[in-house]
Amino acid sequence: MSRARRLVAVSNRVGPVRNVAAAGGLAVGLVDALREHGGLWFGWSGRIAKNSRTVVHKEKIEGLTLATIDLTQQESDGFYNGFSNNCLWPLLHFRIDLTRFERAQLEVYRRVNRRFALAVRKLLKPDDLVWVHDFHLLPLAEELRSLGARQRIGFFLHTPFPPTEILSTLPAQEELMRALFAYDLVGFQTPEDLGRFQEHVGWVLDGTVRGKSVTAFGRQLHAGAFPIGIDTEQFNRFAFSPPGSQEFARMRRALAGRDQFIGVDRLDYSKGLLRRMDAFGRYLERHPDAHGKVILLQVAPVSRSDVASYREFRDELEREAAGINGRFGRFDWTPVHYLNRALPRRTLAGLYRASRVGIVTPMRDGMNLVAKEYVAAQDPADPGVLVLSRFAGAAQQMTAALLVNPYDGEETAEALHQARTMRASERRRRHQTLMKRLRVFDVRRWRSDYLAALAAAPAWRAPAPPAR
Ligand code: ADQ
């Protein structure tokens with residue numbers, strides 16, 4: 001790919017850029033690429049404006065430019081809390097029971113995408129590569145095209161892509177799929193997600209799939225699977241250098257010989273926290289010998305607290321954790337430690353390292369980076385064991401973890417037992433296998449594979465008119 005081409009990333013929120021190591025996830029993946037390409041990152045500032053007059057705030061930081069706009073309260077409610085988080089997020093995680101479709105919110109969602117497009121269009125140079133992230137911005141390319149943008153525009157979906165039967169329940173399904181075909185490359189986390197997209201194209205959109213080429217609505221694009229990774233070496237360093245190594249030592253002292261199980265998740269119903277508590281309760285019930293000797297540390301910062309389903313879920317989780325402590329706890333032992341806040345990444349690395357078992361049991365997850373971080377933070381000579389849901393995208397690559405069906409509380413409870421009692425030789429063998437893949441498929445590989453595929457995708461041509 002030509003180095004000279006500038007990269008323009010667009011996502012709902014931007015940054016942080018300065019202390020990117022502290023941010024994790026998408027920021028780590030993008031910032032280096034943006035720096036290499038003298039790039040631009042566009043998104044919502046997170047601020048609420050009094051009116052919808054578009055003012056682009058631009059800031060140059062360490063070799064890249066951040067450009068943001070503010071949204072009005074009504075836009076933030078309809079676009080972010082509404083259509084994105086109350087409709088698309090549950091749908092993409094196969095939860096039609098929680099999916100709330102409101103046409104008025106879809107309209108605001110489209111309007112905000114249009115505002116994004118108007119602002120981005122003015123910032124684009126003819127040869128830019130544009131990389132759009134996630135479900136908040138499905139129609140962005142269509143809006144950009146209608147404003148005359150001819151650049152290569154790629155999309156990456158961080159969530160799963162649902163089965164066609166689920167997607168078809170969305171009244172706006174066809175409208176959003178048509179919009180997706182204004183991109184030149186559509187990237188998914190796993191081959192399974194890609195397969196479900198291809199099936200939907202063939203069965204519902206009357207399109208065709210030939211290798212990586214997918215055609216529908218008179219438009220051809222490329223589609224592929226690009227599993228996102230972490231900065232594996234850096235995360236390992238976090239766990240073994242201060243302050244991570246100091247947090248590790250503090251945690252070990254506090255544990256006083258007890259074994260720690262750790263869960264780290266945004267407080268989100270897709271992450272399987274309720275079932276995890278239930279499985280931990282079952283584990284304690286079946287293994288009285290573990291009483292007083294194990295602790296579950298669950299770190300779960302509040303997210304999307306303006307959405308009702310998230311508030312209800314949080315209350316339920318707190319009741320569940322308190323129930324286990326009430327039932328099994330002793331005056332000198334509290335089985336569940338529950339922290340409702342975000343922690344610095346270096347602290348997290350130390351805590352992962354101090355934990356005998358990592359529990360990552362989402363009911364459905366695009367990838368799940370916590371699974372990868374937990375493994376990267378382990379000591380190769382005495383590693384902990386990862387218990388991982390089959391329904392996380394990460395399970396496709398991390399088959400040397402103990403894979404469980406999170407809907408099966410008994411199986412999960414037994415996996416916790418197996419993980420805690422696993423012999424050191426088997427722990428080392430599994431860890432080695434996992435690390436080998438994490439080193440190869442890290443965040444740099446994800447980014448360079450994606451950008452190479454975007455540069456190679458067929459250039460934009462307006463859709464062919466429908467045959468008569
Ligand atoms: P998320 O749903 O946010 O991301 P995940 O992949 O687990 O999920 O990433 C969470 C990130 O936040 C991790 O880097 C983790 O360390 C961090 N984090 C979580 N809890 C934290 C805490 N208490 N303190 C500090 N940091 C915390 C979406 C998709 C995923 C996909 C990612 C990346 O839903 O499936 O893996 O994007 O594509």
Side-chain angles (χ1 to χ4, degrees), residues 9 11-13 16 19-30 84-85 88-95 131-136 155-162 187-190 192-193 225-232 234-235 238-239 244 247 262-273 276 297-304 310 314 337-353 355 358-377 386 388-389 391-398 438 441-443 446-447 450:
S11 55
N12 172 45
R13 297 291 301 272
N19 190 7
V20 69
L26 181 61
V28 175
L30 279 181
S84 295
N85 287 336
L88 287 178
W89 176 269
L91 183 91
L92 293 165
H93 289 84
F94 305 16
R95 293 293 303 267
W131 191 3
V132 179
H133 290 266
D134 231 359
F135 60 98
H136 313 90
F155 179 79
F156 184 78
L157 184 65
H158 289 258
T159 69
F161 190 87
F188 299 94
Q189 297 272 24
T190 67
E192 282 63 27
D193 295 308
F226 305 89
I228 192 168
I230 60 166
D231 189 333
T232 311
Q234 183 193 59
F235 210 83
F238 282 175
E247 302 289 24
I262 193 168
V264 174
D265 312 76
R266 265 188 316 101
L267 200 50
D268 191 297
Y269 49 78
S270 68
K271 302 289 181 186
L273 294 165
R276 185 180 309 167
L297 171 61
Q298 179 62 56
V299 188
V302 178
S303 79
R304 304 175 189 172
Y310 283 76
R314 178 182 173 186
H337 292 200
Y338 175 55
L339 300 187
N340 229 195
R341 60 177 166 273
L343 296 174
R345 293 178 66 66
R346 290 175 171 84
T347 303
L348 269 188
L351 298 187
Y352 288 139
R353 183 183 158 198
S355 304
I359 318 185
V360 181
T361 49
M363 311 317 283
R364 198 51 73 178
D365 214 332
M367 178 55 60
N368 197 300
L369 298 178
V370 171
K372 298 188 170 184
E373 292 166 357
Y374 174 77
V375 170
L386 174 66
L388 176 62
S389 162
F391 307 130
Q396 302 296 321
Q397 297 172 303
M398 303 181 82
L438 286 191
F441 295 100
D442 68 354
V443 70
W446 168 70
R447 191 173 77 205
Y450 186 91

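Each ligand, and each atom within it, is numbered from 1 in the order the structure gives.
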Proximity of Leu348 to ligand 1 by residue part, where a heavy atom lies under 4.0 Å: side chain
Ligand-side contact atoms (ligand 1) for residue partner Asp365, heavy atom cut-off under 4.0 Å: 30 (C), 34 (O), 35 (O)
Would the distance check show the side chain of Gln298 and the main-chain N or O of His337 forming a donor-acceptor pair, the cut-off being under 3.5 Å? no
If we only count N/O pairs under 3.5 Å, is Phe156 in contact with ligand 1? no
Considering His158, Arg341, Gln298, Arg345 one by one, which has a heavy atom nearer to atom 17 (C) of ligand 1 than any of the others? Arg345
Ignoring hydrogens and angles, tell me if any N or O in the side chain of Thr190 forms a donor-acceptor pair with the backbone of Gly393 under 3.5 Å. no
Can you tell me which residue among Trp131, Phe226, Phe441 is in a ring pair (Phe, Tyr, Trp, His ring centres under 6.0 Å) with Trp446? Trp131
Residue Gln189 vicinity, atoms of ligand 1 by number, heavy atom under 4.0 Å: 31 (C), 38 (O)
Short version for Phe135: what comes under 4.0 Å of ligand 1, heavy atoms counted, is neither
Looking at Val264, which atoms of ligand 1 are within less than 4.0 Å of one of its heavy atoms? 19 (C), 20 (N), 21 (C)
Return yes when Trp89 approaches ligand 1 closer than 4.0 angstrom through a heavy atom, no otherwise. yes
Have a look at Arg266, Lys271, His93 and point out the one with the heavy atom closest to atom 8 (O) of ligand 1. Lys271
Quick one: salt bridge (Lys or Arg N to Asp or Glu O under 4.0 Å) partners of Arg353, sequence neighbours excluded? none
For the pair Ser389 (side chain) and Pro362 (backbone), establish whether a donor and an acceptor sit closer than 3.5 Å, ignoring hydrogens and angles. yes
How far apart are the C-alpha atoms of Asp442 and Lys372, what are their side-chain angles, what is the distance that settles it, and do they pass the salt bridge (charged side-chain N to carboxylate O under 4.0 Å, His left out) test? CA-CA 10 Å; Asp442 68 354; Lys372 298 188 170 184; over 6 Å; no
Just checking Tyr310 against Tyr269, ring centres under 6.0 Å apart? yes
Within the 4.0 Å heavy-atom cut-off, what Ile228 brings close to ligand 1 is side chain
Please list, in number order, the atoms of ligand 1 under 4.0 Å from a heavy atom of Gly366. 35 (O)
OG (Ser84) and CH2 (Trp89) are apart, to the nearest 0.5 Å, by 11.0 Å
Winner among Leu343, Leu267, Val370, Leu369 once heavy atoms are compared against atom 25 (C) of ligand 1: Leu343
For Val299, atoms of ligand 1 separated by under 4.0 Å from a heavy atom: 23 (N)
Out of all atoms in ligand 1, which are within 4.0 Å of some heavy atom of Ala342? Include the element for each. 22 (C), 23 (N), 24 (N)
Please identify each residue that fulfils side chain to side chain contact (heavy atoms under 4.5 Å, CB included) with Arg13, with sequence neighbours left out. Trp44
